[in-house]
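Reminder, nothing fancy here: chain letters follow the sequence lines and each chain counts from 1.
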Amino acid sequence: MLKQRTLKTAFLYAVLFLVALYFIAPLYVMLVASFKTLTEIRNSSIIALPSEWTLDAWKKAWDGACTGMECTGIKPYFIATFEIAVPSVILAILFGSLNGYVMAKWRTKAADFLFAALLIGSFIPLQLFLIPLAITLRELDIFGTTVGLILIHTVYGIPLTTMLFRNYYVNIPDELVKAAIMDGAGFFKIFFNIILPLSPSILMVSVILVFAGVYNDFLFALTFGETGKKPIMAAVQNIVSSSYGVKEYNLNIAAVMISALPTLLLFLVAGRFFVRGLTQGAVKG
Amino acid sequence: MSLELNNISKSFGAVNVLSDINITIEEGDFLVLLGASGCGKSTLLNCIAGLEDVSGGELKINGVRVNEVDASDRNVAMVFQSYALYPTMKVERNISFALECQGVPKAERKEAVHRVAELLHISELLDRKPGQLSGGQRQRVAIGRALVRNPAIFLLDEPMSNLDAKLRNKMRSELRDLHRELGATFVLVTHDQIEAMSMATKVAVLDQGRVQQFGTPFEIYHRPENLFVAAFVGQTKMNFFNGEFTSVGDIQGIKVGDTHIPLTAYSFEHEPKPGQEIVLGIRPEDIYEAETITPSANSFALELKVSARELTGGDTNVGFDFEGETLRCRYKSARMPAIGSKQKLLMDLDNCAVFDASSELRI
């Protein structure tokens with residue numbers, strides 16, 4: 001009996017180990033390759049450790065790699081992405097939490113309809129929006145600017161954040177709002193003093209989801225990005241696909257790794273809140 | 001301050017939750033809105049608070065119409081069933097939040113909070129968050145939050161339903177003391193008739209969105225105006241016997257099955273016609289063991305067989321077969337009779353109530 005169970009556990013762990021290996025192996029290969037020189041990549045096995053560790057590829061990817069004519073590395077694009085992502089995240093969360101607060105706690109007849117409309121909006125494929133967006137941005141005279149991209153990402157993030165916050169706020173007892181009304185607090189006073197302080201976990205979830213969405217966006221970045229200040233995903237694509245001379249695998253890998261770092265770090269730091277917030281916000285609601 | 005509800009009605013869409021509510025209380029009254037869940041009592045409280053608009057009628061506080069006045073400007077404070085303490089704020093800020101909203105300076109706020117905290121014995125809790133408090137402490141904080149504003153009227157929505165029985169007893173007397181000390185007007189919603197009886201100066205019994213009876217606790221208990229109130233109020237349910245209003249010789253009374261119970265001592269408001277279907281209501285505590293009291297002119301003797309008994313502690317509820325129905329009465333536990341045994345009983349008809357069978361109103 002006991003032996004059978006040990007065997008079962010051993011088998012289970014073996015399977016888990018293999019699956020983990022399957023997912024980690026590519027990362028390992030990339031990491032190793034990024035620390036090798038180009039010659040060594042060509043001549044050694046892909047799983048071999050570098051004979052001589054070098055950071056050259058990383059340095060070059062950061063500020064020396066060429067996209068088209070310019071050889072600035074991904075640094076400016078990296079910064080540009082944050083210039084877009086940070087305001088977008090803040091705005092999308094600000095509006096989304098206000099929306100969610102209104103929909104959950106100041107119920108009007110329109111609230112359910114609006115909520116349904118928002119949900120449908122967030123399920124429509126992005127590509128459908130491209131042409132209307134292009135026209136809108138042109139009319140507003142912000143086509144191909146950072147402001148334009150911020151606007152797009154804010155608007156596109158609002159349905160998601162609204163849904164998250166609404167489902168989270170629905171579980172906050174109505175009596176809390178009623179008590180605050182009796183105490184004489186107004187709409188915004190209740191929001192900022194009572195509702196918002198209750199929201200750290202759903203705030204983290206929203207930051208992660210919206211940030212990852214903006215950061216990983218390729219379509220809008222490519223279409224509406226400012227020349228020379230294109231967001232990182234578009235820039236990385238340019239570096240990787242540029243076809244002057246030899247393919248610098250170590251350089252490409254380093255560029256991709258750098259660009260993947262922020263979201264990875266965010267998940268590692270805030271993942272705890274993410275799981276907690278998701279179950280609170282989405283599952284219960 | 002006084003509170004006046006004139007013909008208040010409230011409907012949600014097509015559903016009428018409250019209709020024809022007429023209640024007037026004076027400054028210093030303790031009004032209890034008593035009813036089963038779903039009777040509309042909490043909605044009525046929300047209407048008084050201003051959290052719900054009334055659909056019709058007029059609401060006056062201290063003689064001034066407040067239908068259109070915002071909740072925060074009505075000078076009323078509310079204690080919620082769940083206490084609704086702000087979870088992220090310390091007790092001190094919870095209590096002072098209302099003053100903060102009014103723009104009271106910080107020093108004054110602090111003083112007010114300490115005054116209230118001392119009154120409620122929660123001074124040592126001011127630095128804690130609500131999550132670190134016990135149920136009883138939370139309730140005190142909730143009361144403190146109402147108290148600090150010095151409101152004209154306190155509204156309490158089932159404030160003791162989340163407390164255990166022992167604590168409830170304690171809070172009941174504390175609340176009563178507080179009411180006396182402050183001399184303010186209290187309105188409390190509850191489904192617990194003991195709370196209503198023990199704390200109220202006025203009780204309104206609600207059912208299906210209507211006031212079934214409004215009066216002092218004594219009146220509610222001893223002079224129920226209809227069958228609903230008679231049945232709802234009372235720890236052990238009142239005995240009801242349907243019968244015909246008839247005379248035997250020149251003694252008027254009710255004929256229940258083969259038994260004729262005289263009602264000569266009962267003062268009718270509307271004397272029934274002979275043959276009319278009426279209901280006799282008599283409380284279990286008005287039926288005695290024959291040996292324990294001396295019969296008076298208005299007591300009616302019976303000899304019945306014990307059909308059921310239930311020990312409740314000091315008393316035993318004993319059920320008897322009476323004309324095909326169960327007659328409940330209360331015995332001292334030490335004298336618990338055997339099932340099937342015959343017992344001599346005396347009904348004290350001084351406190352009985354008589355209702356019309358079809359209108360269900362007291363006659």
Notebook entry, point to check: Under a 4.5 Å heavy-atom cut-off, does chain A meet the side chain of B:Val148, its backbone, both or neither?
Noted result: neither
Check: Does atom CD of B:Gln208 have more than 12 heavy-atom neighbours, drawn from other residues, nucleotides or ligands, at distances under 6.0 Å?
Finding: no
Check: Among A:Leu198, A:Ile195, A:Ile194, whose side chain to side chain contact (heavy atoms under 4.5 Å, CB included) with B:Thr88 holds?
Finding: A:Leu198
Next item on the list: Measure A:Pro197 against the heavy atoms of chain B and call it side chain, backbone, both or neither at under 4.5 Å.
Entry: both
Next item on the list: Please determine which of B:Tyr86, B:Phe80, B:Tyr83 meets the side chain to side chain contact (heavy atoms under 4.5 Å, CB included) test together with A:Leu176.
Entry: B:Tyr86
Check: Should we say atom OH of A:Tyr13 is surrounded by more than 12 heavy atoms from elsewhere, each under 6.0 Å from it?
Finding: no
Note to self: Can you tell me which portion of A:Asn193 sits under 4.5 Å from chain B's heavy atoms? Options are side chain, backbone, both or neither.
What the structure shows: both
Next item on the list: Sort out for me which of B:Ala49, B:Ala71, B:Ala142 touches chain A most, counting heavy-atom pairs under 4.5 Å.
Entry: B:Ala49
Check: Listed by residue number, which members of residues 96-128 of chain B have a heavy atom under 4.5 Å from any heavy atom of chain A?
Finding: B:Phe97, B:Ala98, B:Glu100, B:Cys101
Margin query: Nearest 0.5 angstrom please: A:Met182 CE to B:Arg145 CZ, how far?
Written below: 10.0 Å
Notebook entry, point to check: How many angstroms lie between CG in B:Asn46 and NZ in A:Lys178, if you round to the nearest 0.5 Å?
Noted result: 4.5 Å
Next item on the list: Mind ranking B:Ala146, B:Pro151, B:Ser72, B:Ala77 by heavy-atom pairs under 4.5 Å with chain A and telling me who comes out on top?
Entry: B:Ser72
Notebook entry, point to check: Checking heavy atoms, do the side chain of B:Arg74, its backbone, both or neither come under 4.5 Å from chain A?
Noted result: neither
